[in-house]
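Below: the structure, in structure tokens.
For the single chain, residues carry numbers from 1 onward in sequence order.
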Amino acid sequence: MSRVEYNATTATLSIWFVQSGGPYDYYGVPQSVYEGLLGARSAGTYYNDYIRDRYSSNR
């Protein structure tokens with residue numbers, strides 16, 4: 001991941017990936033998941049375990 005943003009008003013997590021670009025927007029994401037991503041030892045592993053295929057997205 002090259003960039004991550006979170007909009008608390010809309011609970012939207014936006015992620016830009018190094019190879020595929022972005023943003024990829026994930027909807028209905030709790031702020032705690034965003035904070036977990038920021039604090040994770042491995043952002044990729046956290047993404048796979050807690051975000052990927054768990055929230056609706058625009059891609």
Side-chain angles (χ1 to χ4, degrees):
M1 285 167 226
S2 62
R3 181 174 163 191
V4 176
E5 292 180 0
Y6 184 72
N7 183 321
T9 303
T10 62
T12 301
L13 177 65
S14 301
I15 300 176
W16 286 256
F17 294 95
V18 174
Q19 291 188 355
S20 59
Y24 291 80
D25 294 324
Y26 297 87
Y27 306 106
V29 179
Q31 186 162 349
S32 60
V33 171
Y34 166 65
E35 292 170 357
L37 178 62
L38 294 181
R41 284 185 171 208
S42 169
T45 298
Y46 189 91
Y47 168 79
N48 286 331
D49 291 347
Y50 297 100
I51 299 168
R52 184 179 184 186
D53 299 328
R54 292 180 182 256
Y55 299 96
S56 61
S57 68
N58 68 345
R59 295 207 181 177

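Looking at Asp25, its side chain never comes within 3.5 Å of a backbone N or O of Asn58 through a donor-acceptor pair. A donor-acceptor pair under 3.5 Å is formed between the side chain of Arg54 and the backbone N or O of Asp49. In terms of modelled atom types and a separation under 3.5 Å, the side chain of Tyr34 and the main chain of Val29 share no donor-acceptor contact.
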Inset, instruction - Determine, stepwise, if the pair Val33 / Tyr55 fulfils side-chain contact (heavy atoms from CB on, under 4.5 Å). - result: CA-CA 11 Å; Val33 171; Tyr55 299 96; 3.6 Å; yes
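Within 6.0 Å of the OH atom in Tyr50, the count of heavy atoms belonging to other residues, nucleotides or ligands does not exceed 12.
Hydrophobic clustering (ILVMFWY, side-chain heavy atoms < 4.5 Å, transitive): Trp16 and Tyr26 are in distinct clusters. Placement of Val18 and Met1 in two distinct hydrophobic clusters is found when ILVMFWY residues are connected by side-chain heavy-atom separations under 4.5 Å, directly or transitively.
Proximity of the aromatic rings of Tyr47 and Phe17 is defined here by a centroid distance below 6.0 angstrom, and this criterion is met.
Note: Tyr46 OH to Leu37 CG = 6.5 Å, rounded to the nearest 0.5 Å. Between Ser57 atom OG and Tyr27 atom OH the span is 7.5 Å, to the nearest 0.5 Å. Atom CD of Glu5 is separated from atom CG of Leu13 by 9.5 Å, given to the nearest 0.5 angstrom.
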